[in-house]
Amino acid sequence: QVQLVEFGGGLVQPGGSLSVSCAASGFTFSNYGMMWYRQAPGKEREFVAAMTRTGGTTTYADSVKGRFTISRDNAKNTVLLQMNSLKPGDTAVYYCHLPRFGSWGQGTQVTVSS
């Protein structure tokens with residue numbers, strides 16, 4: 001069955017960088033677009049970034065545009081989110097999402113704090 005497992009969250013200071021990754025299995029990864037979402041305490045889950053199956057097109061939330069980069073490695077069935085110039089407002093649980101199947105990972109916590 002479809003499985004999405006996120007890695008790489010942690011604590012980082014404001015202005016710092018962090019990357020999170022998602023290992024996918026149970027489906028033909030290269031056939032589907034992938035997304036990242038996040039959910040901060042007390043808030044709705046929100047879209048962060050998306051990438052088409054070939055990686056040719058990316059889309060970002062305005063709040064992260066120019067700071068975050070989504071990428072994928074179809075040979076390794078992995079999608080990554082590189083986060084730079086992090087702000088306290090980026091603190092959230094970050095989720096990998098496969099929209100075609102409605103599947104979500106378990107999430108990984110990212111905390112931006114001094």
Side-chain angles (χ1 to χ4, degrees):
Q1 73 276 20
V2 172
Q3 190 171 16
L4 303 171
V5 180
E6 297 93 340
F7 300 94
L11 173 65
V12 62
Q13 292 188 342
S17 297
L18 193 67
S19 63
V20 291
S21 60
C22 171
S25 61
F27 64 103
T28 305
F29 181 75
S30 59
N31 284 355
Y32 300 100
M34 296 294 297
M35 293 181 167
W36 283 98
Y37 277 71
R38 68 185 182 186
Q39 187 166 18
K43 295 189 176 181
E44 297 286 320
R45 192 171 296 189
E46 65 175 3
F47 168 78
V48 175
M51 174 169 271
T52 54
R53 62 184 183 91
T54 63
T57 301
T58 56
T59 308
Y60 296 95
D62 287 343
S63 59
V64 307
K65 203 171 293 184
R67 300 188 298 121
F68 289 15
T69 302
I70 186 173
S71 61
R72 65 189 294 157
D73 186 336
N74 284 346
K76 295 182 179 179
N77 289 2
T78 302
V79 58
L80 297 96
L81 185 69
Q82 175 66 41
M83 302 178 286
N84 298 328
S85 302
L86 283 160
K87 307 173 182 179
D90 295 316
T91 295
V93 178
Y94 284 72
Y95 295 92
C96 182
H97 179 48
L98 173 61
R100 183 68 179 267
F101 290 91
S103 299
W104 297 87
Q106 83 288 353
T108 186
Q109 176 70 47
V110 172
T111 302
V112 184
S113 175
S114 55

Notebook entry, point to check: Are M83 and V64 side-chain neighbours, meaning at least one heavy-atom pair lies under 4.5 Å?
Noted result: no
Next item on the list: Examine R72 relative to F29 and say whether NZ or CZ is less than 6.0 Å from the centre of the six-membered ring and inside a 45° cone about the ring axis.
Entry: yes
Margin query: With salt bridge (charged side-chain N to carboxylate O under 4.0 Å, His left out) as the criterion, how do D62 and K65 come out once you've worked through the C-alpha distance, each side chain's angles and the decisive distance to 0.1 Å?
Written below: CA-CA 5 Å; D62 287 343; K65 203 171 293 184; 3.1 Å; yes
Item checked: Distance in Å, Q109 CD paired with Q39 CD, rounded so as to fall on 0.5 Å steps -> 10.5 Å
Checklist line | Least distance between heavy atoms, G10 atom then L18 atom | finding: N-CD2, 3.8 Å
Next item on the list: Side-chain contact test, heavy atoms from C-beta onward, threshold under 4.5 Å: evaluate it for L4 versus M34 and give yes or no.
Entry: yes
Notebook entry, point to check: Are side-chain heavy atoms of V79 and M51 found at a separation under 4.5 Å?
Noted result: no
Item checked: Other ILVMFWY residues reachable from Y95 by side-chain steps of under 4.5 Å -> M35, Y37, F47, V93, W104
Item checked: Validation row: R38, S63 side chains within 4.5 angstrom (heavy atoms) -> yes
Notebook entry, point to check: Does the H97 side chain pair with the main chain of S103, one donor and one acceptor, at a distance under 3.5 Å?
Noted result: yes
Item checked: Heavy-atom closest pair, residues T78 and S21 -> CG2-CB, 4.2 Å
Check: How many angstroms lie between SG in C22 and CG in N77, if you round to the nearest 0.5 Å?
Finding: 10.0 Å
Note to self: Tell me which one of V12, L11, V112 satisfies side-chain contact (heavy atoms from CB on, under 4.5 Å) with T91.
What the structure shows: V112
Checklist line | Nearest non-hydrogen partners of W36 and E6, listed with the distance | finding: CZ3-CG, 3.9 Å
Check: How close do S85 and S17 get, heavy atom to heavy atom, and via which atoms?
Finding: N-OG, 4.4 Å
Checklist line | Distance (rounded to the nearest 0.5 Å) between T108 OG1 and L81 CG | finding: 11.0 Å
Next item on the list: Would you name the heavy atoms of P14 and S114 that are closest together and state the gap between them?
Entry: CD-N, 3.7 Å
Margin query: Do L80 and S19 make a side-chain contact, defined as non-hydrogen atoms from C-beta onward lying under 4.5 Å apart?
Written below: no
Item checked: Approximate separation, where rounding is to 0.5 Å, of Q3 CD and F27 CZ -> 10.5 Å
Next item on the list: Spell out, as yes or no, whether a donor-acceptor pair under 3.5 Å connects the side chain of Y60 to the backbone of I70.
Entry: yes
